[in-house]
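Since the model is a prediction, treat every value here as computed from it, not as a measurement. Below, each value reflects all heavy atoms present in this structure, side chains not excepted, and no hydrogens, waters or symmetry copies. By convention in this document, chain letters (A, B, ...) are assigned in the order of the sequence lines, proteins followed by strands, and residues within each chain are numbered from 1.
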2 protein chains.
Amino acid sequence: MDESQVIDALGALAQETRLRILRFLVTKGSDGASAGEIGEAVDAASSRASFHLSTLANAGLVTAERKSRHIIYRVNFDAMGSMIGYLINDCCGNHQDVIACCPTPDKC
Amino acid sequence: MDESQVIDALGALAQETRLRILRFLVTKGSDGASAGEIGEAVDAASSRASFHLSTLANAGLVTAERKSRHIIYRVNFDAMGSMIGYLINDCCGNHQDVIACCPTPDKC
DNA sequence: CTATTATTTCAATAATACTTGAAACGTTGA
DNA sequence: TCAACGTTTCAAGTATTATTGAAATAATAG
C-alpha cells in the first residue's frame with residue numbers, strides 16, 4: 001500500500017458516518033450487510049449511505065457483491081490491515097510506544 | 001481515545017503534506033525539528049507548514065515546545081499508538097487479518 | 001411486460017479545507 | 001531600545017467534500 005492509497009483510506013475513515021458504517025460492518029463479519037440495512041443502522045438516508053459506501057469501496061476498505069436485489073457490503077480486513085501496517089511500519093518505524101498498542105485492548 | 005478524537009487524528013493524517021511532516025518527524029525522533037526545518041523538508045512555505053503543524057497538534061499527534069527562537073515539534077508516539085489501537089481493537093475487533101499486520105514489516 | 005423493491009446517480013446547495021502572501025507576534029543579540 | 005529572525009495569524013480566493021431530494025438504473029416476482 002503506497003502513500004496515496006493510505007491517504008485515501010485515512011480520508012475515507014475520517015468521517016463520522018463512514019467510521020460508523022465500518023464499525024457496523026465489522027460486527028457483521030463475513031455475512032456483510034445490504035446498503036439499506038447499513039443506512040438504517042447508522043441513521044442515514046439511502047442516498048447518503050450509498051455515497052459513503054462508494055467512498056469506502058473506492059478506498060478499498062469495503063467490498064460490494066450483488067445478491068439478487070441487494071448489494072452486500074463487507075469490510076475488507078486485508079485492506080484495513082495494510083493501512084494499519086503502513087502506519088505502524090512505514091510511518092512510525094515500529095516505535096515501541098506505537099506497537100505497544102497492538103493486540104492489547106486494555107491500553108487502546 | 002473516543003470516536004471524535006480518532007476522526008480528528010485520521011483527518012489530520014489524510015493529507016499529503018501532513019503525512020509527510022509526520023514521517024519526517026518520526027525520523028527525527030525525540031530531537032524533533034523546528035517549523036522552518038520541517039517546511040524545507042516537505043517543500044512547503046512556512047505559513048503552510050505552520051498551518052499543517054497546528055492541525056497535527058490540535059489532533060494531538062505532535063507536540064510543540066519553544067526553544068529560544070525556535071519551536072520544536074515532535075511526534076506524539078503515544079497518540080499515534082492510541083489511534084492505531086482504536087482501529088485495531090474498537091474498530092476491527094482484533095480481527096486476525098488486521099492484527100496479522102502488526103509488528104511484521106514485510107507484510108505491511 | 002408491468003409493478004415493486006433496492007440501490008445508485010445527479011444537480012443544487014451548504015459547509016469545510018487548502019493555498020498564498022502579507023501583516024503581526026514573540027524572542028534574542030547588539 | 002532597536003533590528004533581525006523564526007513563527008504564527010489573518011483574509012481572500014480556490015477547491016474539495018457533505019447533504020438533500022428527485023430521477024434513473026437493476027433485478028425480481030407476478
Side-chain angles (χ1 to χ4, degrees), chain A residues 3-25 28 31-76, chain B residues 3-25 28 31-76:
Chain A
E3 186 186 85
S4 82
Q5 289 176 302
V6 170
I7 288 173
D8 285 348
L10 290 168
L13 285 185
Q15 209 276 340
E16 200 181 343
T17 303
R18 287 195 294 266
L19 187 57
R20 282 208 211 118
I21 287 175
L22 196 113
R23 292 190 57 161
F24 175 70
L25 285 179
K28 290 291 176 173
D31 289 345
S34 67
E37 185 183 353
I38 294 166
E40 246 183 85
V42 304
D43 196 36
S46 64
S47 65
R48 217 175 0 145
S50 178
F51 169 74
H52 288 306
L53 280 164
S54 74
T55 302
L56 286 166
N58 281 335
L61 297 178
V62 307
T63 60
E65 180 198 4
R66 186 174 275 277
K67 266 276 160 68
S68 92
R69 281 186 193 166
H70 299 265
I71 294 179
I72 303 298
Y73 291 92
R74 295 185 184 84
V75 178
N76 183 350
Chain B
E3 186 187 85
S4 82
Q5 289 177 303
V6 171
I7 288 174
D8 284 349
L10 290 168
L13 286 184
Q15 210 275 340
E16 199 180 344
T17 303
R18 287 195 294 267
L19 188 57
R20 281 207 212 120
I21 287 175
L22 196 112
R23 292 189 58 161
F24 175 70
L25 285 179
K28 290 291 177 172
D31 290 345
S34 66
E37 185 182 354
I38 294 166
E40 246 182 87
V42 305
D43 197 35
S46 65
S47 65
R48 215 174 1 144
S50 178
F51 168 75
H52 287 306
L53 280 164
S54 73
T55 302
L56 287 167
N58 281 335
L61 297 178
V62 307
T63 61
E65 180 196 6
R66 185 173 275 277
K67 267 275 160 66
S68 93
R69 281 187 193 166
H70 299 265
I71 294 180
I72 302 298
Y73 291 92
R74 294 184 183 85
V75 178
N76 183 349

So which heavy atom on A:Gly32 is nearest to which on A:Arg74, and how close?
-> CA-CG, 3.7 Å
Within a radius of less than 6.0 Å around CD of A:Glu3, do more than 12 heavy atoms belonging to other residues, nucleotides or ligands occur?
-> yes
Would you mind reading off the distance between B:Arg66 atom CZ and C:dC25 atom P, rounded to a whole angstrom?
-> 14 Å
Specify the closest pair of heavy atoms between A:Ala44 and A:Ala49, including all atoms of both residues, with the distance to one decimal.
-> CB-N, 4.4 Å
Side chain of A:Ser34 only, please: which of C:dT8, C:dT19, C:dT7 is the nearest?
-> C:dT7
Please give, in whole Å, the distance from C:dT16 P to B:Leu10 CG?
-> 19 Å
Euclidean distance, atom CD1 of residue A:Ile38 to atom P of C:dT8 [Å, nearest integer] = 9 Å
Select base, sugar-phosphate, or nothing to describe what A:Ser47 touches, counting heavy atoms under 4.0 Å on all strands.
-> base
Output the distance between atom CD1 (B:Ile38) and atom OG (B:Ser46), rounded to the nearest 0.5 Å.
-> 12.0 Å
Minimum heavy-atom distance between A:Ala12 and A:Ala59, given as atom pair plus value = CB-CB, 3.8 Å
What distance separates A:Glu37 CD from A:Leu25 CG, expressed to the nearest 0.5 Å?
-> 9.0 Å
OG1 of B:Thr63 to CD1 of B:Ile72: how many Å apart, nearest 0.5 Å?
-> 10.0 Å
Let me know the distance between CZ of B:Arg18 and C1' of C:dC18, rounded to the nearest Å.
-> 9 Å
Could you state the CD-P distance from A:Glu37 to C:dT7, rounded to the nearest angstrom?
-> 9 Å
Rounded distance in Å - CD1 (A:Ile72) to C1' (C:dT7) = 12 Å
Mind calculating the distance between CZ (B:Arg48) and P (C:dA17) to the nearest angstrom?
-> 18 Å
Give me the bend of the helix from C:dC1-D:dG30 to C:dA30-D:dT1, using the axes of the five pairs at each end, rounded to 10°.
-> 20°
The answer to which of A:Phe51 and B:Ala14 contacts DNA chain C further toward the 5' end, by nearest nucleotide, is A:Phe51
What nucleic acid atoms does A:Ser46 come within less than 4.0 Å of, heavy atoms only: base, sugar-phosphate, or nothing?
-> base
How far does OG1 of A:Thr17 sit from CG of A:Leu53, to the nearest 0.5 angstrom?
-> 10.5 Å
Look up atom OG in A:Ser34 and atom CZ in A:Arg66, then write down how far apart they are to the nearest 0.5 Å.
-> 11.5 Å
Heavy-atom donor-acceptor pair, B:Arg69 side-chain to C:dT28 base, under 3.5 Å = yes
Under 4.0 Å: is that the gap between some side-chain N or O of A:His70 and OP1 or OP2 of C:dT7?
-> yes
Interatomic distance where CD1 belongs to B:Ile7 and P belongs to C:dT16 [whole Å] = 14 Å
Would you grab the first and last nucleotide of DNA chain D (5' to 3') that comes under 4.0 Å of any non-hydrogen atom in chain B?
-> D:dC5 to D:dT9
Taking the nucleotide of DNA chain D with the closest heavy atom to each, which residue, A:Lys67 or A:Thr55, is nearer the 5' end?
-> A:Thr55
Gap between atom CG of A:Asp8 and atom CG of A:Leu56 - 0.5 Å precision = 11.5 Å
